[in-house]
Amino acid sequence: MRLRRNVHEVDAIAVPAGGLARRWRLGEKFIEGWIYLAGGLAIVVLLGIIVLLVKEGVPIFFDTPPWEFFFGTKWYPVSEPPTFGIMPFFVATLWVTIVATAISVPIGVACAAYLSEVAPDKVRETVKPVIELLAGFPSVVMGFIGLMLLSPLVQSAFNLNTGLSGLTAGIMLAFMSLPIIISVSEDALRAVPDEFRQASFALGATKWETIWHVCIPAALSGITAAVMLGVGRAIGETMTVLMVAGGALAVPVSPTEPMMPMTAAIASGIGNAVRGGLQYQALFAIGLILFVLTLSVNLVADRVLERQKRKFQR
Amino acid sequence: MNINLELTDKKAPVSGEVRMSTKNLSLYYGDFQALRDITLNIPENAITAVIGPSGCGKSTFLRLFNRMNDLITGVKVDGRVELDGINIYDRDIDVVELRKKVGMVFQKPNPFPMSVFENVAFGPRRHGRKNRMELEDVVEKSLKQAALWDEVKDKLGQSALALSGGQQQRLCIARVLAVEPEVILMDEPCSALDPIATLRIEDLMKSLAENYTIVIVTHNMQQAARVSDMSAFFMMEEDRAGILVEYGPTAELFTNPKDKRTEDYITGRFG
């Protein structure tokens, strides 16, 4: 604001056009326009996706009322008449997410605490990038690992008919959401001012007490955000759950049953769906629900992170 | 030159009972020697001030007494630091127990981002007091001792970060008192506070000195003159290692310094 006013003042005095006259910088304008365009495009595409989801998905509710759609336990898209109840998928997603969270949160936070509070700088500087690299692991590879390595283990450990279950999928998802949980939690812990640790030590608290009673509570909002981001990843992950969750259509009562989470239902069904048909619409509606779910998780995480940032600025 | 420092008429003369002491103490950060051959006795139930120019190792020296320097990698200590005649750098000394006996108040008020109550209860909780009633008693007693009770008794559940700077620092003192220490170390406790808050802390220090042994590092010579019974003047040598130049009763050190360097410093010729 001030800068601009100064420019006007300079104009007003009418400086000789020597060095100070305003210049028309074409390159600058071009880059500015390019950035606007790119940003605008991203927003347009995002809005387009939402519009598409709504347009293709919502019409199912004219055929199947929302009540039946959400709480129906039968998904028979090709029988006559077809029924579209997504309860089995929804519960499956719930189970897989719960398993993934129950495993990844304690491990992830403990690992973050180790990296931030205990590990020597050298260890942290090597381990953290490696962990973050794991986030880029192709999910189909994770699915393959789950299929070949984990599912036989789960099968024998729980004495199941098949090792392909929500539990197996949940464990794989836990590994896949660990990198983001560790990385974001570690950032949150490192943002805790050192004064708090000093005060805690000076009061005679041990290292463990300091981590547990001072650092983690102080970083709690950041850690919460990390968990949310991890959960968001678990909800949205498709390929791995498609490969290892088992794909059963019944409402799963236990995580050790084979099941089909929402993402897997879309991925496996969309190939057979007639474009614009009822099944097609139903799958889009599932997509819309997933979108709303992950969006709200991410929004909450974002808000929480924002609060964390402000927390220590007194 | 008249140095014009307000010297309080000291109440009781220092009893002379030694509470803590250092003997031929040197400290190194890696290859750099930060303190050289310091021998000094800290009397019981009195305020000992450590003064000197920036970087002369005052804070490092203070942190010897509760072994806070241990947290920094590469620190090496030579010589003895004693609490009641026991070398606290002995291998079988439990640092947790030591820090219970020797509390510390920091330069910048650093209450935890918790409620006022939880801040004060933090130490007792860590040391095994879980009973709610008992904790309430300790918190009240400590806050009263720190002259903060009347101001916060209605907001014990509120965030400590909402208090003013001076209140936060008194809260930090209450937090230390709740652990029931014997010695309290203060590292420039008023440097982040306004003059009124500073005076309140100084009054508090004086009243605490009746029951506690206090060591304070301060930049502010008037403060040292106002509150302390004993003063130690530190300086840097050529190689930037801190040395103890002069140590004695505050009144003497400020009015009749024996060392030329002390005189130069307190009259403001350098530092």
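These figures come from a predicted structure and were not determined experimentally. Atoms considered below: every heavy atom in the structure, side chains included; atoms not considered: hydrogens, waters and symmetry mates.
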Given the options Arg99(B), Arg126(B), Met104(B), which has more heavy-atom pairs under 4.5 Å with chain A than any of the others? Arg126(B)
Counting only heavy atoms from other residues, nucleotides and ligands, does the tally under 6.0 Å from CZ of Phe175(A) exceed 12? no
Taking atom CD1 of Ile196(B) as the centre, report whether more than 12 heavy atoms of other residues, nucleotides or ligands fall under 6.0 Å from it. no
Measure distances from Arg175(B) to the heavy atoms of chain A and classify the residue's part below 4.5 Å as side chain, backbone, both or neither. both
Intermediate values then yes/no, side-chain contact (heavy atoms from CB on, under 4.5 Å), Arg63(B) and Gln198(A): CA-CA 11 Å; Arg63(B) 284 159 179 262; Gln198(A) 298 241 351; 3.1 Å; yes
Might you confirm whether atom CZ of Phe70(A) has over 12 heavy atoms from other residues, nucleotides or ligands at distances under 6.0 Å? yes
Validation row: Val95(B), Phe201(A) side chains within 4.5 angstrom (heavy atoms): no
Where is the tightest heavy-atom contact between Asn110(B) and Ala199(A), given as atom of each residue plus distance? ND2-CB, 3.4 Å
Crowded around Lys122(A) NZ? As in, over 12 foreign heavy atoms under 6.0 Å? no
Whether over 12 other heavy atoms sit under 6.0 Å from Asp90(B) CG: yes
Does Phe90(A), at its CZ atom, have more than 12 non-hydrogen atoms belonging to other residues, nucleotides or ligands within less than 6.0 Å? no
Hey, could you give me the CZ/CD distance between Arg125(B) and Glu209(A), rounded to the nearest 0.5 Å? 12.5 Å
Side chain / backbone / both / neither for Val102(B) at chain A, heavy atoms under 4.5 Å: backbone
Stepwise, does the side-chain contact (heavy atoms from CB on, under 4.5 Å) test hold for Leu203(A) with Phe112(B)? CA-CA 12 Å; Leu203(A) 287 166; Phe112(B) 298 124; 4.1 Å; yes
Given that the side chain runs from C-beta out, which part of Phe106(B) has a heavy atom under 4.5 Å from chain A: side chain, backbone, both or neither? side chain
If you take all heavy atoms of Phe196(A) and Pro111(B), which pair is closest and at what distance? CE2-O, 3.1 Å
